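Remarks on the structure that follows.
Everything numeric here is computed off the predicted structure, so don't read it as measured data.
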Amino acid sequence: MTVLLLTEGDVRRLLTIDMALEAVEEALRRLALDEAQNIPRTRAQTDHIMLHVLSAAAKTFGVVGYKAYTTSRKGAQFHVAIYDSKTGAMLALMQADYLGQMRTGAASGVATRHMARPDATEVGIIGSGKQARTQVQAVCKVRPVHRVQVYSPNEERRRQFAMEMSEICQTQVEPVERAETALHNKDIVITATNSREPVVNGHWIAQGAHINAVGSNFLGKAELDVLTVRRCKSIVVDSKDQARLEAGDLVQALEEGGIHWADVHELGQVVVGRFVGRAHPQDVTLFKSLGIGLEDVAVAARVYAKAKAEGVGRELEW
């Protein structure tokens, strides 16, 4: 048996945002149709590191697999393994930092495609790190974006982000000096920060806006204040089971009774038409992204197939 090893560089060479969008939307569709299984993230830790594991299966993709990563004060290390769904043989082992960034961006892209107003052209984003880059790429793929305004606390980083993303997305990306300015009168709002406390005030959000909140996957962290959540007519997550464990942005609104779990729906249900992501143009809508293993496995399957077709990677006898 041989296993294909793919480095971070290999994955970057192979994976495009279009591939990721297609893979993630199909994965969410299969999950909604009960043709796939997603296991919420589990965590184990020592005094120095935390191990995070997400696993999933989808027979229509021909693979099962998992993503595992460690986090510490020194950073994070990611990999995905996929196996043949009939024989159980390991097919590939790939480094997955970039893969994770792309699948997270793609999930927001899918949500934006199904929930943002069709005429949405103005984007505001808080955050200028790796996750923010793929968020903007994906949103620009699914809506005719004319302008993006970005805020992050580090002036040099937001300027660099604006310069790089203007070129990548072929649209106007501007750095601004205040979070409120970035979100003022925007059709699409994105939060991609590591903040433990809310960075969004509900008074800043325009009528008709769609929000993608991607930074927090711990119950003790929130990027959105409770007013923002209470203003949302549609609240969607990629996995409701995982949201109960990780959706810190929803905690206060749930505790105060402003929303209930019955008000929270899965993005796959929107994709297949069982739930309407946007009922009216003036509605404020929210996609609370958590990042699920099925998205990772679906994207990894596409990367593996392309790598085999193009002869990329290194075969290892197992």
Side-chain angles (χ1 to χ4, degrees), residues 20 23-45 49-61 63-71 76-83 85 96-97 99-108 110-111 131 192 194 196 212-224 229 235-255 259-272 274-275 286-301:
V24 169
E25 181 152 0
E26 184 62 17
L28 294 169
R29 180 180 291 109
R30 295 302 173 185
L31 188 62
L33 296 174
D34 293 324
E35 296 176 3
Q37 182 180 20
N38 181 78
I39 307 301
R41 186 181 350 246
T42 58
R43 294 181 166 105
Q45 66 184 88
I49 70 162
M50 182 175 288
L51 171 67
H52 317 248
V53 181
L54 308 89
S55 57
K59 61 184 179 182
T60 52
F61 298 154
V63 300
V64 301
Y66 68 86
K67 180 170 81 174
Y69 62 102
T70 57
T71 53
Q77 300 179 65
F78 303 82
H79 76 269
V80 169
I82 56 172
Y83 303 79
S85 61
D97 187 4
L99 186 150
Q101 296 166 40
M102 292 289 270
R103 71 86 151 110
T104 306
S108 292
V110 173
Q131 294 288 358
N194 58 11
R196 301 191 68 86
N212 295 316
V214 308
S216 166
N217 57 24
F218 284 88
L219 287 179
K221 295 173 64 176
E223 297 179 299
L224 311 179
V229 177
I235 300 174
V236 168
V237 296
D238 29 17
S239 162
K240 199 165 178 178
D241 287 342
Q242 195 160 316
R244 292 178 184 274
L245 303 173
E246 298 182 352
D249 290 284
L250 307 183
V251 167
Q252 188 177 351
L254 287 163
E255 289 178 347
I259 64 168
H260 302 87
W261 278 113
D263 302 317
V264 180
H265 300 269
E266 292 192 344
L267 182 53
Q269 300 294 322
V270 178
V271 170
V272 300
R274 293 178 182 166
F275 177 71
L286 168 62
F287 171 53
K288 172 53 205 159
S289 174
L290 300 160
I292 62 174
L294 183 62
E295 295 164 354
D296 292 298
V297 170
V299 174

Is the backbone of Ser55 close enough, under 3.5 Å, to the side chain of Gln37 for a donor and an acceptor to pair up by distance? no

Minimum heavy-atom distance between Ala96 and Lys67, given as atom pair plus value: CB-CD, 4.4 Å

pair Tyr69-Arg41: side-chain heavy atoms closer than 4.5 Å: yes

For the backbone of Ala56 and the side chain of Asn38, can you confirm whether one donor and one acceptor N or O come within less than 3.5 Å of each other? no

Ignoring hydrogens, what is the shortest heavy-atom contact between Asp296 and Leu99? Give both atom names and the distance. OD1-CD2, 3.7 Å

Assert yes or no for the condition that the ring centre distance of His79 to Tyr66 is strictly below 6.0 Å. yes

Could you tell me whether the side chain of Lys240 and the main chain of Trp261 form a donor-acceptor pair under 3.5 Å? yes

How long is the span from the CG atom in Leu54 to the OG1 atom in Thr42, to the nearest 0.5 Å? 7.5 Å

To the nearest 0.5 Å, what is the distance between CG on Asp97 and CE on Met102? 12.0 Å

Close side-chain approach of Lys288 to Leu224, heavy-atom, < 4.5 Å: no

With the side chain counted from C-beta on, respond yes when Ile82 and Phe61 share a heavy-atom pair under 4.5 Å apart, and no when they do not. no

Return the orientation label for the Phe218 and His52 ring planes: parallel under 30°, perpendicular over 60°, tilted otherwise. perpendicular

Quick one: does Asn212's side chain have a donor or acceptor within less than 3.5 Å of a partner on Phe287's backbone? no

Rounding to 0.5 Å, atoms CE (Met50) and CD (Gln45) come to a distance of 3.5 Å

Heavy-atom pair with the smallest gap, counting every atom of Val214 and Ser108: CG1-OG, 3.4 Å

A quick test of your reading: do over 12 heavy atoms of other residues, nucleotides or ligands sit less than 6.0 Å from CD of Glu35? yes

If I compare all heavy atoms of Leu294 with all of Ala57, which pair ends up nearest, and what's the gap? CD1-O, 4.0 Å

Restricting to non-hydrogen atoms, name the atom on Ser216 and the atom on Leu290 that form the minimum distance, rounded to 0.1 Å. O-CD2, 4.5 Å

Quick check: do Leu286 and Leu250 have side-chain heavy atoms less than 4.5 Å from each other? yes

Nearest 0.5 Å please: distance from the CG atom of Leu254 over to the CD1 atom of Ile235. 8.0 Å

Is any side-chain heavy atom of Glu266 closer than 4.5 Å to a side-chain heavy atom of Asp241? no

Between Val297 and Val64, does a side chain to side chain contact (heavy atoms under 4.5 Å, CB included) hold up when you go through it step by step? CA-CA 7 Å; Val297 170; Val64 301; over 6 Å; no

Are the side chain of Glu295 and the backbone N or O of Ile292 linked by a donor-acceptor pair below 3.5 Å? yes

Under 4.0 Å between a Lys/Arg side-chain N and an Asp/Glu carboxylate O for Arg43 and Glu246? yes

Any side-chain heavy-atom pair from Val271 and Glu25 closer than 4.5 angstrom? yes

What heavy-atom pair brings Leu31 and Ala36 nearest, and what distance separates the two atoms? CD1-O, 3.6 Å

